[in-house]
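Read through the structure below, which is laid out as structure tokens, and then see the notes.
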Amino acid sequence: MTEPIIKIEDLSIYYGEKRAINQVSMDFCNNEVTAIIGPSGCGKSTLLRSINRMNDFVVGLRNEGKVLYRDKNIYAEDIDESEIRRNIGMVFQKPNPFPKSIYDNITWGPKINGYKEDWEKLVEESLKRAALWDEVKDRLHSSALELSGGQQQRLCIARAIAMRPEVILMDEPCSALDPKATFKIEDLIHELKESYSILIVTHNMQQAARVSDRTAFFYLGDLIEYGPTKQIFELPKKDQTQDYIQGKFG
Amino acid sequence: MNRRLMDRSFYWFCKSMTWMALGILLILIFHICRQGCEYLDWQFLSSLPSRSPEKAGIKTALAGTVWIICFTALFAIPFGIATALYLEEYAPKRHPFVRLLQINIANLAGMPSIIYGLLGLTIFVRSLGFERSILAGSLTLALLILPVIVIASQEAIKAVPDSIRFAAYAMGARRYQVVLGQVLPSAIPGIMTGIILSISRAIGETAPLIIVGAMSYIAYTPESIFDMFTVLPVQIYNWAGRPKEEFHAIAAAGIMVLLLLLLSLNFIAVTIRSRYQRYK
Ligand SMILES: Nc1ncnc2c1ncn2[C@@H]1O[C@H](COP(=O)(O)OP(=O)(O)O)[C@@H](O)[C@H]1O
Ligand SMILES: [Mg+2]
């Protein structure tokens, strides 16, 4: 395991009285892909959103414990959540490009954060890294909403990359896409882990097996098992993990 | 067989109702045009009102309407959009005070316009001492259309999906950047529609302006917002009330000017909408 970039310490998350995450502790390594799997409703999205403080928008949500990013608790008083989100990007379940041009989708984030860039270059680089450049280079100024679902999702990844984050969180990024688009995104994730740490939530176990270095299995808010993907899929230590991977429930 | 008959007859019923309504409207417009076209010329547009129908013109009323509308828009638009943004993006929706506010805005939108006239008379004309000025008139009309602008803007803002807001926050945007950089641009076409519709309504308003003191006769065009004024509908109303037949024709010509003004406003609205909807 390389140096962990995010450490979760004894984290519990409540929606009102209901506990969605149960005293979870785990580390996420730098430049690796970590997959979070588990049946739906087990708290995968809740956990993911706690890492870039997107849970702040959920009314009635409460945290206990710590999330450390580069050894600083992101829930500490003096933390600027907007700076956290600049460094920890997010790709959502449903592609959600801004209703603007492809070009503006890439530049909006860096612009509002006061970055000074060679914008043409940033757009080209980000789109290239997201494997979208060849498909859109002739229509950078047309609407992002005219792209197909898979292209939109890659644009969302490009948009996240343009912020030069260290970590990218992905919440079931392929669930709204067809197999071909899914395959492209998986390919892309492979490329991206050279430069970023990626946390991907997925309900698709083959996908976890294909793209990740480590896998964490959650069940009803508990972290059941966490380890190298190969081990989790071939030699799970817990019966629950085994049952889930073999498709006995889900 | 029976249901097929129903099917046909319902189709014809809806179709004939549509054409009938349209027909009546067309007859009305045709009638007005026939009556007014004889007087509608440059001389009519550029002359002051007069006692003799041949010399009478609509210059002061047209100028008054333009002044009034510009300042009504100037006052109402910033208040309307800011209020809608506050209510949708900032205010705690479940708070009793906010709910009360919301209900009141809906009620105000349905109030008879003459009540706004009385309000304007009390506040702007008398208490604030603006007298019978363009300032008082346009503030009154701004109050009149404010609730409609707020509600239309709120609807447009509500239609912006949350996924856009979350995407923006996830890139480190602050709230004002999300609101001004994403929500407002997405909502602009809807907001514009609401604004133009309510301004069209304001152009046709007569009662509240008569109450705050639009003149029936005015011999010069306004030069500042503290000047007296008259507007198209008031002028038309005056001419239509005269016994002489020629004045009725002049009134018809005035109506044609008013209709043209409304049509061009709607044209502007459509243009703006399609410009902003490029990214839909
Ligand atoms: N906004 C919310 N309010 C209340 N409960 C919620 C909310 N969001 C999620 N939950 C509950 O928290 C649990 C975990 O949800 P989630 O993190 O979305 O699961 P997953 O992403 O694994 O499907 C579920 O039982 C869900 O019903
Ligand atoms: Mg989920």
Side-chain angles (χ1 to χ4, degrees), chain A residues 48-49 51-59 80-115 141-147 152 155-156 159-165 167-171 176, chain B residues 81 84-99 102 153-194 271-280:
Chain A
L48 201 70
R49 285 196 308 261
I51 296 171
N52 66 343
R53 293 200 42 177
M54 287 301 282
N55 274 338
D56 291 13
F57 300 107
V58 182
V59 181
D80 176 1
E81 71 273 14
S82 131
E83 195 185 317
I84 296 294
R85 295 186 193 127
R86 246 175 274 164
N87 293 314
I88 305 179
M90 188 167 216
V91 176
F92 294 77
Q93 191 163 350
K94 260 180 62 189
N96 55 354
F98 298 130
K100 296 179 184 291
S101 69
I102 294 168
Y103 187 96
D104 290 343
N105 261 274
I106 305 285
T107 58
W108 192 79
K111 269 186 184 156
I112 56 146
N113 283 294
Y115 296 6
H141 293 281
S142 60
S143 171
L145 302 182
E146 285 162 14
L147 299 174
Q152 288 190 2
L155 179 62
C156 292
R159 177 175 77 179
I161 292 171
M163 295 289 298
R164 307 188 204 289
V167 182
I168 302 178
L169 310 174
M170 301 185 176
D171 192 350
Chain B
I81 296 181
L85 284 176
Y86 171 71
L87 287 173
E88 287 304 316
E89 300 290 317
Y90 289 93
K93 293 231 167 58
R94 297 210 184 81
H95 195 284
F97 178 73
V98 175
R99 282 187 178 181
Q102 194 71 66
S153 304
Q154 277 185 284
E155 290 306 321
I157 292 164
K158 268 189 208 139
V160 178
D162 271 342
S163 62
I164 301 288
R165 296 179 178 85
F166 289 141
Y169 281 121
M171 312 200 71
R174 312 244 174 223
R175 186 172 278 209
Y176 81 93
Q177 293 173 317
V178 175
V179 170
L180 293 179
Q182 295 293 344
V183 176
L184 192 57
S186 298
I188 277 288
I191 293 177
M192 286 312 276
T193 312
T271 316
I272 292 174
R273 271 178 77 99
S274 57
R275 263 189 71 96
Y276 272 90
Q277 268 171 343
R278 258 189 319 172
Y279 297 129
K280 273 281 144 86

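Per chain, numbering begins at 1; letters A, B, ... match sequence-line order.
- Between A/Ile112 and B/Ala173, the closest heavy-atom pair is CD1-CB, 3.3 Å.
- Atom NZ of A/Lys94 is surrounded by 12 or fewer heavy atoms from other residues, nucleotides or ligands within 6.0 Å.
- Under the salt bridge (charged side-chain N to carboxylate O under 4.0 Å, His left out) criterion, A/Glu81 pairs with no residue, sequence neighbours left out.
- Shown here for A/Lys100 and B/Gly181, the closest heavy-atom pair between the two residues is NZ-O, 3.0 Å.
- More than 12 non-hydrogen atoms from other residues, nucleotides or ligands lie less than 6.0 angstrom from OH of B/Tyr90.
- For B/Pro161, no part sits under 4.5 Å from any heavy atom of chain A, backbone or side chain.
- Between the side chain of A/Asn96 and the backbone N or O of B/Ser163, at least one donor-acceptor pair lies under 3.5 Å.
- Both the backbone and the side chain of A/Phe98 come within less than 4.5 Å of a heavy atom in chain B.
- No part of A/Arg53 comes within reach of chain B, as not one of its non-hydrogen atoms sits under 4.5 angstrom from that chain.
- In this structure, A/Pro99 and B/Gln182 approach most closely via the heavy-atom pair CD-OE1, 4.3 Å.
- The closest donor-acceptor contact from the side chain of A/Asn113 to the backbone of B/Met171 lies under 3.5 Å.
- Under the 4.5 Å side-chain criterion, counting only non-hydrogen atoms from C-beta, A/Met90 is not in contact with B/Phe166.
- Each salt bridge (Lys or Arg N to Asp or Glu O under 4.0 Å) pair with one or both residues in residues 163-192 of chain B, not counting sequence neighbours, appears once here: A/Asp80-B/Arg174, B/Glu89-B/Arg165, B/Asp162-B/Arg165.
- In this structure, chain B has no heavy atom under 4.5 Å from any part of A/Pro165.
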